[in-house]
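Working notes, beginning with the structure itself.
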Amino acid sequence: MNKVSIVGAGPGAIDLLTLRAVERIKSAEVLIWTDSLISPEIINLAPKNCLRIKTSSLTLEKILEILVTESKKGNQVVRLHDGDPCLYGAISEQICGLAEAGIDVDVVPGISAYQATASSLKKELTIPGLVQTIVLTRTSGRTGMPEKENLENLASLQATLCLYLSARHVEEAQEILLRHYLPETPVAIGHRVSWKDEWLQVIELKDMSRISRNKEFIRTTLYIISPALSKTKQRSKLYSPTHQHLFRPH
Ligand SMILES: C[S@@+](CC[C@H](N)C(=O)[O-])C[C@H]1O[C@@H](n2cnc3c(N)ncnc32)[C@H](O)[C@@H]1O
């Protein structure tokens, strides 16, 4: 019985896969993937005779049944998730279900949507003296949020805030954010970042919901609200001539 590989497929572009992810996909005998969020180009890396199963219409029970059955047959099973599997990937319930069946996993990290968005924008999200914390979160939606993590509390940090899974609730999010960030705070709206039809712009917080609605973004949209996206020039201590450390004593 082989381990089931849980593999991060990155934000979309095939060349944002890790070498380890490519290796796992190329050796898959059974590939099971989130079809709405992973490009066919990536799926095509799997061998021709690999059994391919899409998960969009499947329940957890059915997914687990496939993972367990195929793994017990001795097949190399690869479960592909978009971005990094540790973020909103619902992998925990799969890992627990597999453990109950006596099956181990290996997890391969992927590039998350917020990293792809920052690099497309050519931006650092942690500017010294301005912002040093990144919050990865979502609006409540059907999943709900633990009370202490509500957006109001997180926004009060005024950190770099990456909002996943939130396009359907963008008006409500904007209203809450405006209570803590200035209306002119830069917001990156990234839709299908790194895909061929990527749409990515930095706008002001006060325009976030209007622009998002005008573009009819519902899915695969990430918002990064951050003072770090402004054009202010800052410099770090790390490379300052006055800052000494182990590798640059004088
Ligand atoms: C189920 S979550 C999975 C997140 C994923 N594990 C990650 O690390 O990026 C799906 C959400 O991630 C964001 N997302 C994923 N891929 C994206 C992309 N290429 N462009 C913009 N947002 C993306 C969107 O907020 C989308 O609603």
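All residue numbers refer to positions in the sequence shown, counting from 1. As the structure lists them, so they are numbered: ligands from 1, and atoms in each ligand from 1. Just so it is clear, the values below take in all heavy atoms, side chains as well, and ignore hydrogens, waters and symmetry mates.
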Contact residues of ligand 1 (heavy atom under 4.0 Å), by chain and number
P11, D82, G83, D84, L87, Y88, S112, A113, Y164, L165, G190, R192, V193, W195, T220, T221, L222
Connected-component partners of W33 among ILVMFWY, side-chain separation under 4.5 Å
V7, I14, L17, V22, I25, L31, I38, I42, I43, L45, V78, L80, V108
All salt bridge (Lys or Arg N to Asp or Glu O under 4.0 Å) counterparts of R213, not counting sequence neighbours
E171
Under 4.0 Å between a Lys/Arg side-chain N and an Asp/Glu carboxylate O for K206 and E184?
no
Ion pair present between K26 and E23, side-chain N to carboxylate O less than 4.0 angstrom?
no
Taking D197 first and then R192, would you say they form a salt bridge - that is, a charged N and a carboxylate O separated by under 4.0 Å?
yes
Sorted by chain and residue number, the ring pair (Phe, Tyr, Trp, His ring centres under 6.0 Å) partners of W199 (sequence neighbours excluded) come out as F217
